[in-house]
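Computed from a predicted structure; not experimentally measured. Quick note: numbers below take in every heavy atom, side chains included, and nothing from hydrogens, waters or symmetry partners.
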Amino acid sequence: MTDPLQDPQFFKDPYATFARLRSAAPVHKVPTGSKGRYSYVVTGYAEAREAFADPRLSKDTARFFTGQPSRRNLHPAVSQTMLATDPPRHTRLRAAAGPAFTPGAVARMRPYITEVVGALLDVWAPGEQVDLVAGLAVPLPVTVICQLLGVPGDDRTMVARWSNGLFAAGESDRIDAASHALAGYMADLVEAKRREMDDSLLSHLLVRSAAGELTGDEVVSLAVLLLVAGHETTTNFIGNAVLALVQHPDSLARLRDDPGLIPTVLDELLRFDSPVGVATFRYSTEALVIGGTEIPADVPVLIAPGAANRDPAQFPVPDQLDLTRNAKSQLAFGHGIHRCLGAPLARAEGEIVLTGLLTRFPEIELAVPSENLRWRQTRLMRGLDSLPVLL
C-alpha cells in the first residue's frame, strides 16, 4: 500500500480519501515514505478532538528526530518554532505572542484591514476576469501580518515569496533555502528593531526578551512562525471560501442579499473546505488508544481537520454546504493548547474580504470549469494555486 495522502488525486479532492479511511476506522495506519515507516491518521471528529488535547501526543519535533540521519538543512528558526514545542516552553512562547491576537487587539486592526481590502478591490472592475488568489487572498494577509510585525513595505513581496517556498512539497532544497533566507531576514530585522524600537509586534517581543522572558533566538523564531502561519492559512481560507460560494449560487445569493449574515457563516465555510488539511507533526510519547486503535510509542500521529470536519457523525450531510448549519465546533483552527493563535485575525480578514467582495461584485462567478482548478501539492495546506473569477 502506498501513502494515500501523497496520491496526486488526494490533492485535488482529499475528502474522498478521508471518507474511505474513516469508513474503515477513525484512526488508520498508513505507510509514510520509504523503509517501512508508517504513521497513524486521525480522520474521525471525536477522535481528532481527543487527539488534539492529548498530552501524550508531543509536538517536540527535535526530540523525535534526534539521532536520525537527515539530508535536510532547515534553519532552526523554522524547524524549532513554537509549533514544534511542548509545555512549559510552548506555554511561555504563546503567552509572549498572544496579546497581539486577542479579540480586542484584532478589533483595533479592523479599520486597517478594511482599508487594505478596499485598496485591493479598487483595481478591479465589474466584468473583468481576475485571479482572486494572486490579487486578493495572497496580498491581504501578507500585508496585514507584515504590518503587525513591522516588516517594511518594500520587503513584503520578497518575504511572501520565501514563505511560500516553505510549502514547496517535494522540493527539499528549495524549502531549506527559503528557511535560511527568511530566518536570516528576520534576524536582521529584529536587530534593526532592537536599535530603533517602535510599536510593532517585533518590538513588543524584544521588550519581553529584555525582561528575560524570551531569548534572542526565540524572538526570531516567533517572528518567522507568526509571519508564515499568519498568512498562509488565511490565504487558503479566503480562496476556499470564495470557491465554495461561487460553486453554490444559492448560498452566494443569500449572502449577497444579506451581507450581515457573513460573520455567522464563517464556521461553516471553514468546516466545508478547511484551510489546513492535515495538522502539523505530532508523535506518541507512549502507547495509547484512540478511537479503538492501538497506537504504539514513538510513531507520528497525523490529525486531519479536513477529515474531521466532514465526519457525518458530527456534521450530518457533511459534503453539503449549509449556511444554516451550526458549525461552531469545527476544527479548522485545531483544538486545545495548540489551537491557532491567529484564529481571531483570520476570521476578521475573511469576514471583511467577503463583505467587500460581495458588495462590490455581486455577480462574481467562476471563470473556468472546476476540474481545471489547480490545488497546492501539499497535504498540510488545502488551498488553490489560483482562482480565476469573473467579476
Novice: Within a strict 4.5 Å, meaning less than it, do heavy atoms of the Leu288 and Glu294 side chains meet?
Specialist: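 Of all side-chain heavy-atom pairs linking Glu294 with Leu288, none is under 4.5 Å.
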Novice: Could you please spell out the steps behind the salt bridge (charged side-chain N to carboxylate O under 4.0 Å, His left out) verdict for Glu232 and Arg376?
Specialist: CA-CA 12 Å; Glu232 290 287 346; Arg376 301 176 71 177; 3.0 Å; yes
Novice: State the CG-CG distance between Asp250 and Leu245, to the nearest 0.5 angstrom.
Specialist: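 Taking CG in Asp250 and CG in Leu245, the distance rounds to 11.5 Å.
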Novice: How are the rings of Phe272 and His248 set to each other: parallel, tilted or perpendicular (split at 30° and 60°)?
Specialist: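 Answer is perpendicular, since the angle exceeds 60°.
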Novice: Verify, without hydrogens or angle tests, whether Thr355 (side chain) and Glu351 (backbone) share a donor-acceptor contact under 3.5 angstrom.
Specialist: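 At least one qualifying donor-acceptor pair exists.
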Novice: Would you call the rings of Trp124 and Phe361 parallel, tilted or perpendicular, taking 30° and 60° as the class edges?
Specialist: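 Ring orientation, 0 to 90° scale: tilted.
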Novice: Can you tell me how far the CZ atom of Arg282 sits from the CZ atom of Phe64, to the nearest 0.5 Å?
Specialist: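 The distance works out to 14.0 Å.
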Novice: Please report the shortest heavy-atom distance between Leu269 and Ala244, naming the atom on each side.
Specialist: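 Scanning both residues completely, I find the closest heavy atoms to be CD2-CB, 4.3 Å.
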Novice: Please check this pair: side chain of Ser284 against backbone of Asp298, looking for a donor-acceptor N/O pair closer than 3.5 Å.
Specialist: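 Yes; at least one donor-acceptor contact below 3.5 Å.
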Novice: Looking only at heavy atoms, which two atoms of Phe281 and Pro300 are closest? And how far apart?
Specialist: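 Looking at all heavy atoms of both residues, the shortest contact is CE1-CB, 3.7 Å.
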Novice: Which distance, rounded to the nearest 0.5 Å, do you find between the CG of Leu323 and the CG of Leu321?
Specialist: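 It is 5.0 Å, given to the nearest 0.5 Å.
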Novice: Can you name the closest pair of heavy atoms from Phe18 and Val278 and give their distance?
Specialist: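 The pair with the smallest heavy-atom distance is CZ-CG2, 4.3 Å.
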Novice: Heavy atoms, side chains only, cut-off 4.5 Å: are Val159 and Tyr185 in contact?
Specialist: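 The answer is yes; the side chains approach within 4.5 Å.
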Novice: Are the charged groups of Asp3 and Arg379 less than 4.0 angstrom apart, N to O?
Specialist: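 Salt bridge: yes.
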Novice: Taking the side chain from Arg156 and the backbone from Val142, do they hold a donor-acceptor pair closer than 3.5 Å?
Specialist: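 No.
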Novice: Okay, side chain of Thr114, backbone of Arg110: is any donor-acceptor separation there less than 3.5 Å?
Specialist: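 Yes; judged by distance alone, with no hydrogens or angles, the pair exists.
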Novice: What distance separates Leu225 CG from Thr81 OG1, expressed to the nearest 0.5 Å?
Specialist: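 One gets 4.5 Å once the value is rounded to the nearest 0.5 Å.
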Novice: What's the shortest heavy-atom distance between His338 and Arg94, and which atoms?
Specialist: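 So the minimum-distance heavy-atom pair works out to C-NH1, 4.1 Å.
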Novice: Does Tyr40 use its side chain to pair, donor to acceptor, with the backbone of Pro296 at less than 3.5 Å?
Specialist: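 Such a contact is absent between Tyr40 side chain and Pro296 backbone.
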Novice: Ignoring hydrogens and geometry, is there a side-chain-to-backbone donor-acceptor pair from Thr85 to Met82 under 3.5 Å?
Specialist: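 Side chain of Thr85 to backbone of Met82: a pair is present.
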Novice: When you measure from the side chain of Ser163 to the backbone of Ala160, do you find a donor-acceptor pair of N or O atoms at a distance under 3.5 Å?
Specialist: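 Side chain of Ser163 to backbone of Ala160, a donor-acceptor pair under 3.5 Å: no, none is there.
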Novice: Which of parallel (below 30°), tilted (30 to 60°) and perpendicular (above 60°) describes His335 and Phe52?
Specialist: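 It falls in the perpendicular class, over 60°.
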Novice: Kindly say whether Val276 contributes a backbone atom to a donor-acceptor pair with the side chain of Ser274 at under 3.5 angstrom?
Specialist: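 Pair absent, no side-chain N/O of Ser274 close to backbone of Val276.
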Novice: Check Ala279 against Pro305 and note the closest heavy-atom contact, atom names and distance.
Specialist: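 Result for this residue pair: N-CD, 3.7 Å.
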Novice: Look up atom CG in Asp311 and atom CD in Glu47, then write down how far apart they are to the nearest 0.5 Å.
Specialist: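 Going from CG on Asp311 over to CD on Glu47, the span is 7.0 Å.
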Novice: Would you say Arg89 has more than 12 foreign heavy atoms packed within less than 6.0 Å of its CZ?
Specialist: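 More than 12 within 6.0 Å, yes.
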Novice: I'd like to know if Arg325 and Asp267 make a salt bridge, using a cut-off of under 4.0 Å between side-chain N and carboxylate O.
Specialist: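 Not counted as a salt bridge, because no side-chain N and carboxylate O are separated by less than 4.0 Å.
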Novice: Is the number of heavy atoms from other residues, nucleotides or ligands under 6.0 Å of Asp131 CG greater than 12?
Specialist: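 Yes, enclosed.
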Novice: Measure the spacing between CD1 of Ile290 and CD1 of Ile295 and express it to the nearest 0.5 Å.
Specialist: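 Between Ile290 CD1 and Ile295 CD1, I get 4.0 Å after rounding to 0.5 Å.
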Novice: Taking atom CD as the centre, does Glu213 end up with more than 12 heavy-atom neighbours from other residues, nucleotides or ligands that are less than 6.0 angstrom away?
Specialist: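 Counting neighbours around CD of Glu213, more than 12 heavy atoms of other residues, nucleotides or ligands fall under 6.0 Å, so yes.
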Novice: Tell me the closest heavy-atom pair linking Phe11 and Arg382, and the distance in Å.
Specialist: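 Looking at all heavy atoms of both residues, the closest pair is O-NH1, 3.1 Å.
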Novice: Using modelled atom types and a 3.5 Å cut-off, is there a donor and acceptor pairing between side-chain atoms of Asp86 and backbone atoms of Lys59?
Specialist: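 Yes; judged by distance alone, with no hydrogens or angles, the pair exists.
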Novice: Looking at Tyr15, is Arg310 sitting on its ring face, NZ or CZ under 6.0 Å from the six-membered ring centre and within 45 degrees of the normal?
Specialist: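 Output yes; distance and angle both within limits.
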Novice: Quick one: does Ser200's side chain have a donor or acceptor within less than 3.5 Å of a partner on Gly150's backbone?
Specialist: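 A pair under 3.5 Å: no.
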Novice: Less than 4.0 Å between a side-chain N and a carboxylate O, is that true for Glu218 and Arg208?
Specialist: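 Looking at Glu218 together with Arg208, the answer is no, because their closest N to O distance does not fall below 4.0 Å.
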